[in-house]
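This report concerns only the one structure given below.
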Amino acid sequence: MGRIHQAYRYALAPTPAQTAALASHCGAARFAFNWGLARVRAALSQREAEKTYGVPEELLTEVPWSLYGLRRAWNTAKGTVAPWWADNSKEAYSSGLDGLARALTNWSASRQGTRAGKPVGFPRFRAKHRAALSCRFTTGAIRLETDRRHVTLPRLGTIRTAESTRKPARAVADTAMAEVRRQLTYKSTWRGGRLVVADRWYPSSKTCSGCGAVKAKLALSERTYACTACGLVLDRDVNAARNLAALAARYEHDVAQSCGETRNARGGAVGPGIRAGHAPAKREPLSRGTLPRQRGSSPILTDKH
């Protein structure tokens, strides 16, 4: 079994005094960033003026470009420009200067053509207002619901179909399905569930969920499934979902029958007539180190077509 990487997310609940202290430290970092940027701009302007006077290159005003140079300039001037600097940790100011040094390095590399990606502009002064939360912060990681029989996959619905793009393969590749499967694998294991993965060539979309007839061809542009054998007509994705749910039910049944049981390992009834996802009547003790399977959870299927 491969290595599992587990991550935790914590929410801070600071007291009013702690909130004020955090805001003060954030303001200190912003102040140091803006002070350093103003110092760099002034030094650059001074150098340009000195060049017009014919000052030799080695005698031009030094620009505090690196983190070391910015820290040295800050330590020299902090008593004058920020007499209150001792109210906050020195790391707060260092954090702001470090951000400025990184921004200056990126700008320099962009100007010289050694930085990959789009060109970047010269660093800007940081404002006091709070920036909007990023998409990564607000959506969070893929997670298993504990009170429903489905999996919430943020942004999974952004896959474009053939109706909206001529290159659906690129849109599908951008969704990082391997990462989705990896997280589903270990998260279902944590909760005592079972991940059932459909075979790569399993015709979930081509198979009629009513009679079982399989079409030889099904274009990606056909979003409605119409069975020529029994006349069933329904949404293509709904039809595929029903086939995958039936596959999960058959898998559970085969596992129970191979063990000579009529009930699964957790005490729940298993059979073709039992809908996949129903919670068992009782549970066996879980092994140490596993999380309990929540009521109403079900095996998860992934369709690769």
Spacing of [atom1] belonging to [X] relative to [atom2] belonging to [Y], to within rounding of 0.5 Å:
X	Y	atom1	atom2	answer
Trp74	Leu97	CH2	CG	7.0 Å
Thr61	Glu50	OG1	CD	3.0 Å
Leu100	Leu104	CG	CG	4.5 Å
Leu44	Leu60	CG	CG	11.0 Å
Phe33	Arg124	CZ	CZ	11.0 Å
Leu234	Cys227	CG	SG	10.0 Å

Phe125, CZ atom: more than 12 neighbouring heavy atoms under 6.0 Å:
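Atom CZ in Phe125 is crowded, with more than 12 foreign heavy atoms closer than 6.0 Å.
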Of the non-hydrogen atoms in [X] and [Y], which two are nearest, and what is the gap between them?
X	Y	value
Asn239	Ser205	ND2-O, 3.6 Å
Ala103	Pro123	CB-CG, 3.7 Å
Leu184	Ser188	O-OG, 2.8 Å
Leu232	Gly210	CD2-N, 3.7 Å
Tyr93	Trp85	OH-O, 2.7 Å
Asn243	Ser209	OD1-CA, 3.3 Å

Taking the side chain as C-beta and beyond, is there a heavy-atom pair between [X] and [Y] under 4.5 Å?
X	Y	result
Arg41	Phe122	yes
Arg72	Pro64	no
Tyr225	Val238	no
Arg236	Leu218	yes

Considering only residues two or more places apart or on different chains, which pairs with a residue in residues 202-219 satisfy salt bridge (Lys or Arg N to Asp or Glu O under 4.0 Å)?
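Of all non-adjacent pairs touching residues 202-219, none passes salt bridge (Lys or Arg N to Asp or Glu O under 4.0 Å).
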Any pair counted as salt bridge (Lys or Arg N to Asp or Glu O under 4.0 Å), so long as it reaches residues 90-102, sequence neighbours left out
Asp98-Arg102
Co-membership, hydrophobic cluster, residues [X] and [Y], 4.5 Å side-chain:
X	Y	answer
Val81	Leu37	yes
Trp201	Val214	no
Val40	Tyr68	no

For a side chain to side chain contact (heavy atoms under 4.5 Å, CB included) check, start with the C-alpha distance between Leu70 and Trp65, then their side-chain angles and the critical distance, and finish with the verdict.
CA-CA 7 Å; Leu70 290 169; Trp65 201 263; over 6 Å; no
Can a donor-acceptor pair be found, under 3.5 Å and without considering hydrogens, that links the side chain of [X] to the backbone of [Y]?
X	Y	answer
Ser110	Asn106	no
Thr52	Ala49	yes
Ser95	Ala29	no
Arg111	Thr114	no

